[in-house]
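The block underneath contains the structure these notes are about, expressed in structure tokens.
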Number of protein chains: 2
Amino acid sequence: MSRTERRTVRDLRRGHRAMLLRALYFGGPASRHDLCAATGLSAGTVSTLTADLLDEDVVIEAGQVDSDGGRPRVLLRVNPDHGYAIGVDVGETQVRVELFDLGMTERSGASYALHSARHDPELVVRHLLEGIDTVLADSGVPAERVLGVGVGVPGVVEAGPDALVHATTFGWHAVPFGALVRAGTSLPLFVDNGAKTMGQAELWFGSCRGVSDAVIVFIGSGVGCTIVADGAIYRGSARAAGELGHLKIAAGGRPCRCGGRGCFEAYVGAEGILDRAGITADSADQRPALARLLETGSPVLADTASLIGLGLSNLVHLFDPERIVIGGWAGLMLGESLLEPIRAATAANTMATSFPPVPIVLGALGADAVAMGAATLVVEEFLRGAQPAGAQATA
Amino acid sequence: MSRTERRTVRDLRRGHRAMLLRALYFGGPASRHDLCAATGLSAGTVSTLTADLLDEDVVIEAGQVDSDGGRPRVLLRVNPDHGYAIGVDVGETQVRVELFDLGMTERSGASYALHSARHDPELVVRHLLEGIDTVLADSGVPAERVLGVGVGVPGVVEAGPDALVHATTFGWHAVPFGALVRAGTSLPLFVDNGAKTMGQAELWFGSCRGVSDAVIVFIGSGVGCTIVADGAIYRGSARAAGELGHLKIAAGGRPCRCGGRGCFEAYVGAEGILDRAGITADSADQRPALARLLETGSPVLADTASLIGLGLSNLVHLFDPERIVIGGWAGLMLGESLLEPIRAATAANTMATSFPPVPIVLGALGADAVAMGAATLVVEEFLRGAQPAGAQATA
DNA sequence: AGACCATAATCTAAGCCTTGAAAAAAGTCA
DNA sequence: TGACTTTTTTCAAGGCTTAGATTATGGTCT
């Protein structure tokens with residue numbers, strides 16, 4: 001039925017302001033003239049809106065470009081120091097906290113190792129809060145300049161103020177993670193699935209820039225994905241969409257740690273691959289073990305490629321994406337040598353049409369994009385609302 | 001990155017006008033007062049907008065309701081005779097053409113049988129055009145009151161003016177179906193996959209009314225689905241999304257008519273079920289054959305239920321829908337006796353969370369919803385644009 | 001019956017917003 | 001220095017929504 005909202009004349013301005021900010025954020029430095037072209041707004045409107053943004057210090061000037069015999073255009077860009085965002089990656093082996101400026105330059109970071117079978121929620125939250133203090137102290141950024149904290153966790157995050165997290169790998173069932181964190185900090189908090197935060201990072205700055213329909217597959221110890229539909233991340237009715245890891249690719253197949261059978265993850269997640277090769281590895285040892293397996297070679301790898309292809313073909317048939325991106329530490333590792341076989345297997349399982357095959361590429365941001373993606377949740381909110389910094393104060 | 005468009009003050013009015021029309025269309029008869037509540041607009045705005053709509057005869061009065069001691073409210077509703085829409089179902093056994101008024105009451109219909117291996121595009125188009133003439137003549141509706149023709153076809157419809165259709169069951173490869181039809185009529189034309197048109201019918205008037213995230217599964221001779229994301233049908237980058245029939249549920253499994261192996265459709269489409277039961281049936285004979293199979297019973301049926309459950313669990317994990325609807329003639333037939341086993345199999349294959357299980361229900365509109373859904377494509381355009389009927393004439 | 005009350009719909013003044021055109025600003029080139 | 005270019009800013013005009021006042025329409029009470 002399509003969302004339609006009442007709008008007042010003022011909403012126009014708010015919307016245009018956000019458009020302009022977005023254009024500046026993603027379109028790099030641009031002059032007012034460029035912005036007219038980019039947004040379709042008239043020169044007058046751009047002029048008054050940018051004046052506001054400059055006044056509020058959200059946007060700053062960034063040099064000039066002279067134009068063949070005319071008034072030189074003044075370049076504008078988002079002020080990277082107008083605010084900061086903290087991104088947290090709660091992974092299986094560590095909690096990593098990073099502080100970024102608005103330009104997504106990392107200003108400081110801190111890591112806390114997690115030992116297997118020690119994923120106590122309180123411990124994780126303690127690390128997280130300590131990490132926030134540490135990155136603030138190290139970077140010298142005052143807490144009040146931080147726009148918020150984004151966290152990527154390896155599980156399903158339920159909508160709601162408590163951000164209940166279901167993470168089978170951690171043994172977390174309905175852990176009120178958001179509530180626990182909020183008890184220790186008053187910064188605005190955004191919690192999402194780690195595969196989704198990574199996906200948003202690839203969507204904004206990586207292999208999916210400008211793509212409006214895509215699937216970003218995250219292969220680590222387990223498997224997840226981010227579905228990008230019409231340029232936005234699709235989260236489903238209870239924010240649980242994209243559980244690619246538990247897609248069934250064989251009736252009554254291998255048992256999965258979720259309790260089911262035949263899950264995609266049980267075959268092509270790092271743990272599943274190693275297990276199929278007869279190797280048992282602790283979560284901290286899986287990276288080197290998989291690297292060794294790739295070096296020495298194994299018949300399991302060819303199977304892996306063809307099974308991944310099978311899974312990706314399912315994504316192609318259901319979503320018809322413009323592109324598929326493979327990320328996550330294991331995905332990137334596998335991709336280095338297996339990308340071609342994966343492409344071939346996907347094509348072999350995809351129904352022939354007149355369309356060219358869907359491009360399958362590796363993530364551009366490396367294995368550490370989860371924290372950056374988490375920080376983009378904060379920036380996204382900033383770009384959406386983009387309310388004047390001191391709005392409350394002046395009221 | 002989310003769609004953002006420049007808007008002028010006038011777009012506000014256009015948008016609000018469309019909102020109001022939508023509210024009236026789906027919210028049945030309503031007073032201006034009700035509309036204020038439904039849309040959030042002020043009384044003044046509703047008053048002037050409805051005055052326009054009444055002037056243009058798009059909306060008419062529909063009686064009064066007295067309010068405990070006050071001026072009675074005047075009910076308004078969309079004028080069903082303001083325009084008409086033609087819906088066409090191009091199926092495997094027949095071409096069915098139906099004419100609806102704006103209230104989706106069928107005014108007249110015509111069918112043309114197709115014989116197997118006689119799915120020549122020109123023949124189909126000839127039937128279709130003849131059907132349009134017939135329903136117009138039978139109903140007495142003049143062609144200029146028809147807002148457009150919607151067509152549901154059993155295959156992938158490529159975006160573009162020619163509406164290239166790829167339908168493996170018909171042996172159609174890149175058939176310029178849209179161009180062929182347009183050569184014979186000047187009515188506005190909308191061509192889409194039949195599973196999607198059926199899905200839209202269920203979304204608007206059937207089992208998915210008011211649901212914003214859902215999957216509507218169409219099981220006929222083959223299998224397809226409609227993905228509803230955020231209240232709108234998701235079509236993917238090349239309008240090829242929702243090819244559920246070719247989801248792979250077993251590596252190297254049963255051969256499918258698409259040329260692949262292990263496709264969902266090869267197991268649970270009517271043809272696949274009958275084949276697994278050792279029955280070969282022409283497309284026209286599949287209905288009675290499946291009915292007989294269901295009467296006599298067969299071990300194949302239990303397998304079918306559990307395989308459907310497996311497939312539906314994949315939809316749950318990937319899309320996290322609020323609801324799953326099963327439709328299509330075979331789906332409705334199977335559902336009568338197998339709905340419980342299907343629900344159980346889906347639940348068994350779905351990862352446990354704290355969420356209640358996804359409701360799985362049968363389509364409410366019967367097996368003939370494809371044509372009605374095709375007609376809704378026309379109405380959808382009418383509700384979106386909703387430009388005054390005589391806009392061009394007055395200009 | 002008449003005064004009074006309740007609810008619905010319309011009218012009106014005020015405030016915003018965008019636009020397009022004109023004016024101003026800031027250079028280049030001869 | 002003056003003519004010409006190109007970018008920005010300024011400003012009047014037109015359109016839209018809103019809140020509140022006003023009119024319309026019927027019930028209820030005495």
Side-chain angles (χ1 to χ4, degrees), chain A residues 4-21 23-24 29-55 59-77 386-388 391, chain B residues 4-21 23-24 29-55 59-77 386-388 391:
Chain A
T4 27
E5 288 255 324
R6 175 183 85 101
R7 293 198 175 292
T8 108
V9 180
R10 252 156 153 159
D11 291 316
L12 283 182
R13 200 170 187 80
R14 266 193 282 276
H16 289 161
R17 185 189 154 106
M19 265 172 77
L20 222 50
L21 204 50
L24 275 174
S31 70
R32 292 173 179 78
H33 198 69
D34 298 335
L35 289 173
C36 293
T39 61
L41 293 168
S42 74
T45 303
V46 170
S47 193
T48 58
L49 277 172
T50 50
D52 285 358
L53 291 169
L54 280 164
D55 269 357
V59 158
I60 53 175
E61 300 197 346
Q64 299 194 345
V65 181
D66 44 331
S67 59
D68 329 300
R71 176 171 173 176
R73 46 185 77 178
V74 176
L75 293 180
L76 302 174
R77 65 188 186 109
Q387 58 280 79
Chain B
T4 26
E5 288 253 328
R6 171 182 90 101
R7 293 198 176 290
T8 109
V9 181
R10 255 159 150 159
D11 291 317
L12 283 183
R13 199 167 187 82
R14 267 192 281 276
H16 288 161
R17 185 190 154 104
M19 266 172 76
L20 222 50
L21 205 50
L24 275 175
S31 70
R32 293 173 177 77
H33 198 70
D34 298 335
L35 289 173
C36 293
T39 61
L41 293 167
S42 73
T45 303
V46 170
S47 194
T48 59
L49 277 172
T50 51
D52 285 358
L53 290 169
L54 280 164
D55 269 358
V59 159
I60 54 176
E61 300 197 345
Q64 300 195 346
V65 180
D66 45 328
S67 58
D68 326 299
R71 176 172 173 176
R73 45 186 76 180
V74 176
L75 293 181
L76 303 173
R77 66 189 186 109
Q387 57 280 83

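In what follows, every chain begins at residue 1, and chains take the letters A, B, ... in the order their sequences are listed. Note that these values count all heavy atoms, side chains included, but never hydrogens, waters or copies made by symmetry.
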To the nearest Å, give me how far apart [atom1] ([X]) and [atom2] ([N]) are.
| X | N | atom1 | atom2 | answer |
| --- | --- | --- | --- | --- |
| B:Glu61 | C:dA8 | CD | P | 16 Å |
| B:Leu20 | D:dC16 | CG | P | 15 Å |
| B:Met19 | D:dC16 | CE | P | 16 Å |

Taking the side chain as every heavy atom from C-beta outward, state whether A:Leu76 and A:Leu54 have any pair of such atoms under 4.5 Å apart. yes
Mind checking whether A:Leu35 and A:Leu20 have side chains closer than 4.5 Å, heavy atoms only?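 SC-SC contact between A:Leu35 and A:Leu20 confirmed.
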What does nucleotides 9-20 of chain C look like as a protein-contact string, B for base, S for sugar-phosphate only, - for none, at under 4.0 angstrom between heavy atoms? SBB----BBSB-
Over all heavy atoms of both residues, which pair between A:Cys36 and A:Ala43 is shortest? Give the atoms and the distance, please. SG-CA, 3.6 Å
Which atom names give the shortest non-hydrogen contact between A:Asp66 and A:Pro72, and what distance separates them? CA-CB, 3.9 Å
So, B:Thr8 versus B:Arg13: side-chain donor-acceptor pair below 3.5 Å or not? no
